[in-house]
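Just below is one structure, and these are the notes that go with it.
Note that these values count all heavy atoms, side chains included, but never hydrogens, waters or copies made by symmetry.
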Number of protein chains: 2
Amino acid sequence: MVETNRAAEDFVFDQPCPIRDVLDRIGDQWSLLILTALEKGAKRFNALSREIGDVSKQMLSKTLKRLEQDGFVRRTLYAEVPLRVEYELTELGQSFLVPMKSLIAWANANHRTICETRKAFPSRAQAR
Amino acid sequence: MVETNRAAEDFVFDQPCPIRDVLDRIGDQWSLLILTALEKGAKRFNALSREIGDVSKQMLSKTLKRLEQDGFVRRTLYAEVPLRVEYELTELGQSFLVPMKSLIAWANANHRTICETRKAFPSRAQAR
DNA sequence: CGGAATCCCGAGCGATACTG
DNA sequence: CAGTATCGCTCGGGATTCCG
């Protein structure tokens with residue numbers, strides 16, 4: 001699993017289009033939720049799980065690892081018993097939230113309009 | 001196909017979380033590309049197809065319809081021969097691009113850092 | 001407690017062919 | 001030209017189970 005196709009695998013590390021690369025992360029359903037949940041401070045794994053609610057442990061784990069790999073989140077392991085692991089935003093993660101917030105604000109402001117428009121659209125045979 | 005499960009179907013029209021609803025659209029790989037392509041003015045279907053390049057007709061069609069349904073894009077049909085259809089941004093679509101641009105700017109500014117961080121991450125057995 | 005491994009289903013999406 | 005219909009594959013991600 002480690003040495004499969006080197007060329008294709010390396011592609012992950014050098015995406016040609018920045019915005020698509022970024023959208024792939026935050027567009028994956030959980031990343032943004034996690035990021036905003038961490039905005040108020042460091043959280044433990046199960047605390048995040050409880051706060052977000054409808055995320056499986058697997059996805060929380062995977063998403064956190066990706067966010068860590070991309071430098072949005074820092075993971076700290078405390079070798080206690082029982083184990084304790086804390087996640088917190090890095091500077092990069094915090095700086096990302098700045099432009100993201102204006103987008104969130106836009107979404108909140110215009111969501112009602114979007115829903116109305118959607119309802120008014122002719123033909124109920126639409127996708128999704 | 002029109003009258004399946006009413007409750008589940010209506011859910012599409014009234015999403016509880018604004019930002020997730022919005023991200024579902026622009027996170028779908030083509031919406032943002034189309035929106036930015038339309039920023040400079042109205043375009044015809046095939047013109048969009050050629051400009052974006054690697055999008056199939058099916059996905060272009062579906063995505064445009066969703067964007068139209070959500071009120072981001074306006075579709076105008078000219079009953080000529082041969083057929084002519086033009087797509088353009090609505091005011092909503094244009095207003096959306098404002099916060100989106102700051103996010104794009106962030107992505108451009110920090111993409112290199114993200115790629116470096118990603119490369120430096122231990123263990124090549126990462127996801128995606 | 002904090003994950004990793006396995007199984008599995010449905011959505012996303014491309015390719016192709018057909019229609020108005 | 002501007003789509004729609006059908007097919008089939010891939011992959012995200014939930015459920016469940018196992019590990020340190």
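Taking the side chain of A:Val85 as heavy atoms from C-beta on, and the options C:dG3, D:dG14, D:dA5, the nearest nucleotide is C:dG3. Of all nucleotides listed (C:dA4, C:dG2, D:dT4), D:dT4 comes nearest to the side chain of B:Lys65. The side chain of B:Ser61 lies closest to D:dT4, out of D:dT4, C:dC1, C:dA4.
Looking at A:Thr117 and B:Gln69, their side chains never come closer than 4.5 Å, going by heavy atoms from C-beta outward. At a threshold of 4.5 Å between non-hydrogen side-chain atoms, the residues A:Arg74 and A:Tyr87 do not count as touching. The closest side-chain heavy-atom distance from A:Leu67 to A:Thr63 is below 4.5 Å.
With respect to A:Glu68 and B:Arg118, no salt bridge is recorded, no charged nitrogen being found less than 4.0 Å from a carboxylate O.
The two residues B:Lys57 and B:Phe45 have their closest heavy-atom pair at O-CZ, 3.8 Å. Minimum heavy-atom separation, A:Leu89 to A:Glu39: CD1-CA, 3.8 Å. Considering every non-hydrogen atom in both A:Asn108 and B:Pro18, the closest pair reads OD1-CG, 3.3 Å.
Using five terminal pairs a side, the axes of the helix from C:dC1-D:dG20 to C:dG20-D:dC1 at its two ends make an angle of 40°, given in steps of 10 degrees.
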Could you list, one pair per line, each protein nitrogen or oxygen that sits under 3.5 Å from a nitrogen or oxygen of nucleotides 17-20 of chain C, together with the distance?
none

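If you measure from atom OH of A:Tyr78 to atom P of C:dG2, you get 12 Å, rounded to the nearest angstrom. The separation between A:Ile52 atom CD1 and C:dG2 atom P is 14 Å, rounded to whole Å. Following rounding to the nearest Å, A:Asp54 (CG) and D:dG14 (P) show an atom-to-atom distance of 8 Å. Distance A:Lys62 NZ to D:dG12 C1': 8 Å, rounded to the nearest Å. In this entry the distance linking CZ of A:Phe45 with C1' of C:dG3 reads 6 Å, nearest Å. Here C:dG12 presents its P atom at 14 Å from CG of A:Asp28, a figure rounded to the nearest Å. In this structure, B:Leu60 atom CG and D:dG3 atom C1' are separated by 10 Å, rounded to whole Å. Atom pair A:Leu67:CG and C:dG3:P shows a separation of 13 Å (rounding to whole Å applied).
Taking B:Glu51 as the reference, B:Lys40, B:Lys43 meet the salt bridge (charged side-chain N to carboxylate O under 4.0 Å, His left out) condition, with sequence neighbours excluded.
Between B:Arg75 and the phosphate of D:dA2, there is no side-chain N or O to OP1/OP2 separation shorter than 4.0 Å. Distances shown here put every side-chain N or O of B:Arg44 at or beyond 4.0 Å from the OP1 or OP2 atom of D:dC1. For D:dG3, the OP1/OP2 oxygens have a side-chain nitrogen or oxygen of B:Tyr87 closer than 4.0 Å.
Listed for the A:Ser102 side chain is a donor-acceptor partner under 3.5 Å among the backbone atoms of A:Pro99.
Between the side chain of B:Gln58 and the base of D:dT6, a donor-acceptor pair under 3.5 Å is found.
Using cut-offs of 30° and 60° on the angle between ring planes, the pair A:Trp106 and B:Phe72 is tilted.
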